2 protein chains.
Amino acid sequence: MIRRDVFQAIADPTRRAILALLALHAMTPNALAEHFDSSRQAISKHIKILTECQLLNQKQTGREIHYHFNPQKMKEVDVWMEQFRVLWEKRFNKLDEILKNQQNKQS
Amino acid sequence: MIRRDVFQAIADPTRRAILALLALHAMTPNALAEHFDSSRQAISKHIKILTECQLLNQKQTGREIHYHFNPQKMKEVDVWMEQFRVLWEKRFNKLDEILKNQQNKQS
DNA sequence: AATTTGCGCAACTGAATAGTTGCATATATA
DNA sequence: TATATATGCAACTATTCAGTTGCGCAAATT
């Protein structure tokens with residue numbers, strides 16, 4: 001439990017599923033666990049990891065804790081992706097050109 | 001060595017650095033290893049993982065193997081992020097509205 | 001007041017991971 | 001042909017990770 005960054009957090013498929021659920025609306029650990037086969041404690045561990053890297057915020061009401069998704073933190077991944085986005089856009093344009101040239105040949 | 005998906009691949013900081021370098025131009029394992037403190041074999045292991053999940057393609061010329069970055073595979077991460085993008089855009093718009101309202105009050 | 005419910009923490013286990021070292025193979029170079 | 005270079009593969013190690021089980025505590029319910 002030393003590495004604690006967003007990329008490490010979203011590497012696990014269960015955690016990605018948790019994030020997708022919480023992006024729709026905040027939930028308690030128990031409510032979340034009902035969506036999965038693993039135990040409540042396993043889900044709670046994932047929640048802990050997601051909270052420690054600030055992908056989740058908690059809001060306590062009584063004995064229930066509602067976990068909220070924090071979009072700003074997820075944006076860090078998006079920012080990192082920026083350097084690659086230009087590449088697949090470039091490739092798409094290249095494909096686009098090829099298709100246009102083929103159309104020109106046919107017509 | 002069972003899990004082999006893009007999210008798992010980009011979880012490691014060294015592999016992210018490798019991807020960033022190869023996005024600029026293709027390189028051989030030796031050339032890549034010169035950019036890092038770890039051994040050539042360690043880098044080769046990362047390359048293997050990245051290749052197995054198709055983030056890299058290899059092109060052999062003689063005894064050298066040049067590894068190329070595959071943007072299309074990285075796009076999978078971008079597609080997954082799409083479901084969250086709307087959330088931070090929404091938050092930004094909300095902030096935008098607040099700022100506009102404050103301006104209206106001042107004028 | 002006694003019990004149930006929601007939750008986190010600690011200890012443990014088996015599997016996966018990143019790294020090292022040593023070795024084998026094929027291509028260049030002397 | 002002998003040597004140097006580029007690379008991948010296998011074995012081993014220490015660390016990390018996901019999951020389980022058991023426990024304790026505080027808030028709700030009876």
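A, B, ... follow the sequence lines: proteins, then strands. Residue 1 opens every chain. Because the structure is a prediction, the values reported are computed rather than measured.
The salt bridge (Lys or Arg N to Asp or Glu O under 4.0 Å) test applied to A:R85 returns A:D78, A:E82, B:D78, not counting sequence neighbours. Residues satisfying the side-chain hydrogen bond (donor to acceptor under 3.5 Å, both in side chains) criterion with B:E76, sequence neighbours excluded, are B:K73. B:E34 pairs by the salt bridge (Lys or Arg N to Asp or Glu O under 4.0 Å) definition with nothing, not counting sequence neighbours. Under the ring-ring contact (aromatic ring centres under 6.0 Å, His included) criterion, B:F84 pairs with A:F69, B:W80, sequence neighbours left out. Taking A:R63 as the reference, nothing meets the salt bridge (Lys or Arg N to Asp or Glu O under 4.0 Å) condition, with sequence neighbours excluded. Taking B:E64 as the reference, nothing meets the salt bridge (Lys or Arg N to Asp or Glu O under 4.0 Å) condition, with sequence neighbours excluded.
The ring pair (Phe, Tyr, Trp, His ring centres under 6.0 Å) pairs that include a residue from residues 13-54 of chain A number zero, where partners must be two or more places apart or lie in different chains.
Rounded to a whole Å, the CD atom of B:Q60 is 9 Å from the P atom of D:dT7. Taking atom CD of A:Q58 as the reference point, atom P of C:dG6 lies 17 Å away to the nearest angstrom.
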Could you go over nucleotides 2-5 of chain D and give all protein N or O partners under 3.5 Å, atom names and distances?
unit_1	atom_1	unit_2	atom_2	d
D:dT5	O2	B:R63	NH1	2.7

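For DNA chain D, the residues of residues 36-44 of chain B within the heavy-atom distance limit of 4.0 Å (strictly under) are B:R40, B:Q41, B:S44, sorted by number.
Between the side chain of A:K45 and the base of D:dG19 there is at least one donor-acceptor pair of N/O atoms closer than 3.5 Å.
Proximity note for A:D12 (side chain, C-beta onward) versus D:dA18, D:dC9, D:dA6: the nearest is D:dA18.
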